[in-house]
Number of protein chains: 2
Amino acid sequence: MTPMSNSRPETKIQARNRAVIRTAALQVFSTYGFRGSTLDQIASEAGLSKPNLLYYFPSKEAIYRELLEDLLENWLDPLKEMDPGGDPVSEIMRYVRHKLEMSQKFPRESRLFANEILQGAPQIGQELSGSLKEMVDGKAAVIQGWIASGKIADVDPHHLIFSIWSLTQHYADFEVQVNAVLGGQDPFEAAEAYLTQVFTKLLTP
Amino acid sequence: MTPMSNSRPETKIQARNRAVIRTAALQVFSTYGFRGSTLDQIASEAGLSKPNLLYYFPSKEAIYRELLEDLLENWLDPLKEMDPGGDPVSEIMRYVRHKLEMSQKFPRESRLFANEILQGAPQIGQELSGSLKEMVDGKAAVIQGWIASGKIADVDPHHLIFSIWSLTQHYADFEVQVNAVLGGQDPFEAAEAYLTQVFTKLLTP
DNA sequence: CCTACCTTTGACCAGTCGGTCAAATAATGA
DNA sequence: TCATTATTTGACCGACTGGTCAAAGGTAGG
C-alpha cells in the first residue's frame with residue numbers, strides 16, 4: 001500500500017523521505033528541466049532506490065507538479081503584499097529587494113520556474129493566463145493609480161513588473177554567466193545597489 | 001561515405017538538408033534543452049529519417065554544438081560594435097534596441113542560449129569566462145571612461161550590461177509568460193518605449 | 001547508356017527510460 | 001511475543017534512446 005492512497009496521518013519516515021525527494025528533484029529538475037531529468041538521477045541524488053521514489057510519489061510528473069505548485073504559491077506571494085496605501089517608491093523597492101533576495105537564497109526555484117516557462121509552460125500555462133494575469137492586472141492598476149496621482153513617474157506598469165522579474169531573476173537563472181563574467185566576486189551586493197539606482201531614477205517623478 | 005569525412009565542396013542537397021536540420025534542431029533544442037531533446041523529435045521536425053540526420057551530422061551533440069557556435073558569434077557581435085568614440089547614450093541605446101530586436105526576431109536562439117546557461121553552460125562555459133568575460137571587461141572599461149568624463153551617470157558598468165541582457169532577452173525567454181499576462185497584445189512596441197525610458201533616465205547624468 | 005558517387009532508409013543494437021510487482025525487511029502496537 | 005502494517009528493493013517490462021550498417025535508390029558526368 002502506497003502512502004498516498006490512504007488518508008492515515010503521515011509518518012516521520014514519510015515526511016522525511018518526501019522532503020528528501022523534493023530537494024533532490026528540485027536540484028535535478030531545475031537544472032535539466034522536466035524532460036531532461038530522469039528518475040534515476042533524482043533517486044541517486046536523494047540516496048534512494050527508484051522503486052522507493054515511486055513508493056512516495058506516483059510518477060515523475062507528480063513530483064514535478066508538486067514542486068511547481070509549491071513554487072507558484074511562494075513565488076507570487078510577495079507581489080500580492082504590495083500595499084496600495086503605502087509609499088509607492090518604498091513599496092516597489094521593497095518588492096525589488098525581496099525578489100533579489102529570493103534569487104540569492106532560492107536560485108534553484110527560480111531556475112525551475114525558468115525551465116518550465118522556456119518549455120512553453122506545459123504545466124502552469126493556465127495559472128499564467130488565469131490567476132497570475134489577474135493578480136498582475138490588479139497590481140498594474142494600483143501602480144497606474146500611483147502614476148495618476150503623480151506619486152511616481154509615468155511608466156508602463158506591466159512592463160515595470162516584467163523588468164523587476166527579469167532583472168532580479170537574472171542573477172539566479174544566469175548565475176553561471178554572471179559568475180563567469182564577474183570572475184568569482186559575489187554579484188548580489190553590487191546588484192542591490194545597481195537595482196536601487198535603476199528603480200529610484202526610473203520612478204522618481 | 002558521410003559528407004563530413006571528406007573535403008569535397010558541399011552539394012546543393014547537403015547545403016539544403018544541413019540547413020533544414022539546423023532549423024529543426026534549433027526549434028527542438030531551444031524548447032527542451034540538450035538532454036530533453038531527442039534525435040527522433042529533430043528528425044520528425046526536419047522531415048527526415050533519423051539515420052539521414054546522422055548522415056549529415058556525426059551525433060546529437062555535434063548538431064547542438066554547431067548551433068551554439070553559430071549563436072555565440074552572432075550573439076555577442078553587437079556589443080563589440082559599441083563605439084567608444086560615439087555618443088555614450090546613443091551607443092548604449094542602440095545596443096539596447098538591437099538586443100530587443102534580436103529577441104523579437106530570433107527568440108529561439110535566445111532560448112537556446114538560456115537553456116544552455118540554465119543547465120550550467122556545459123558546452124560554452126569556457127567561452128563565458130574566456131572571450132566573453134574579456135569582451136565585457138573591455139566594454140565595461142569604455143563605459144567607465146564615459147562615466148569618468150561625466151558623459152553618463154555613475155552606474156556599475158558590468159551590471160548595466162547584465163541589465164540590458166536581462167531586460168531584452170526576457171521578452172524572448174519568458175515569451176509565454178509575457179503573452180499570458182498581457183493577454184495577446186504584442187509586447188515589443190511597448191517594451192521598446194519602456195526600455196528607452198528606463199535607460200534614458202538611468203544614464204542621464 | 002554506364003559507372004561512380006551521393007543520398008536515403010529499414011532493420012537492428014545495446015543501453016536507458018518510466019514504471020510495476022512480488023517478495024524481503026523493518027517498524028509498530030497489542 | 002506475534003501479527004499487522006510500513007518501507008525497501010531486485011528483477012523485470014515494454015517503450016524509447018543515440019547510434020550503426022548494409023543495402024537500396026538517386027544523380028551526374030562521360
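Predicted, not measured: the structure shown is a model, and the values here were computed from it. Residue numbers begin at 1 in each chain, while the letters A, B, ... track the order of the sequences.
Phosphate contact (OP1/OP2 of D:dT8, side-chain N/O of A:N17, threshold under 4.0 Å): present. Under 4.0 angstrom from either OP1 or OP2 of D:dA6 there lies no side-chain N or O belonging to A:Q14.
In this structure, the OH atom of A:Y56 is 18 Å from the C1' atom of C:dG19, given to the nearest Å. One can place CG of B:L48 at 19 Å from P of D:dG25, the figure rounded to the nearest angstrom. Atom-to-atom, CZ of A:R18 to P of D:dA6 comes out at 15 Å; the value is rounded to the nearest Å. Rounded to a whole Å, the CG atom of A:N52 is 15 Å from the P atom of C:dT20.
In this view, A:F199 satisfies the ring-ring contact (aromatic ring centres under 6.0 Å, His included) rule with no residue, not counting sequence neighbours.
No side-chain donor-acceptor contact under 3.5 Å links A:D156 and B:Y194.
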Could you go over nucleotides 16-22 of chain D and give all protein N or O partners under 3.5 Å, atom names and distances?
from	atom 1	to	atom 2	distance (Å)
D:dT17	OP2	B:D40	OD2	3.2
D:dG18	OP1	B:S37	O	3.2
D:dG18	OP1	B:L39	N	3.3
D:dG18	OP1	B:K60	NZ	3.2
D:dG18	OP2	B:L39	N	2.8
D:dG18	N7	B:K50	NZ	2.9
D:dG19	OP2	B:K60	N	2.8
D:dG19	O6	B:K50	NZ	3.4

All N/O pairs under 3.5 Å across the protein-nucleotides 24-26 of chain C interface:
none

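If you look at A:Y95 and A:H98, their ring centroids are not closer than 6.0 Å.
Ring planes of B:F174 and B:H170: parallel class, angle under 30° (limits at 30 and 60°). Between A:Y171 and B:F162, the ring-plane angle classifies as perpendicular under the 30° and 60° cut-offs.
Other residues, nucleotides and ligands place more than 12 heavy atoms under 6.0 Å from the CD atom of A:E81.
Listed nucleotides D:dT7, C:dT7, D:dT8 differ in distance to B:Y55; the shortest reach to its side chain belongs to C:dT7.
Residues B:W75 and B:L112 fail the side-chain proximity criterion, which asks for heavy atoms closer than 4.5 Å.
Nearest heavy atoms, A:K139 versus A:L79: CE-O, 3.3 Å.
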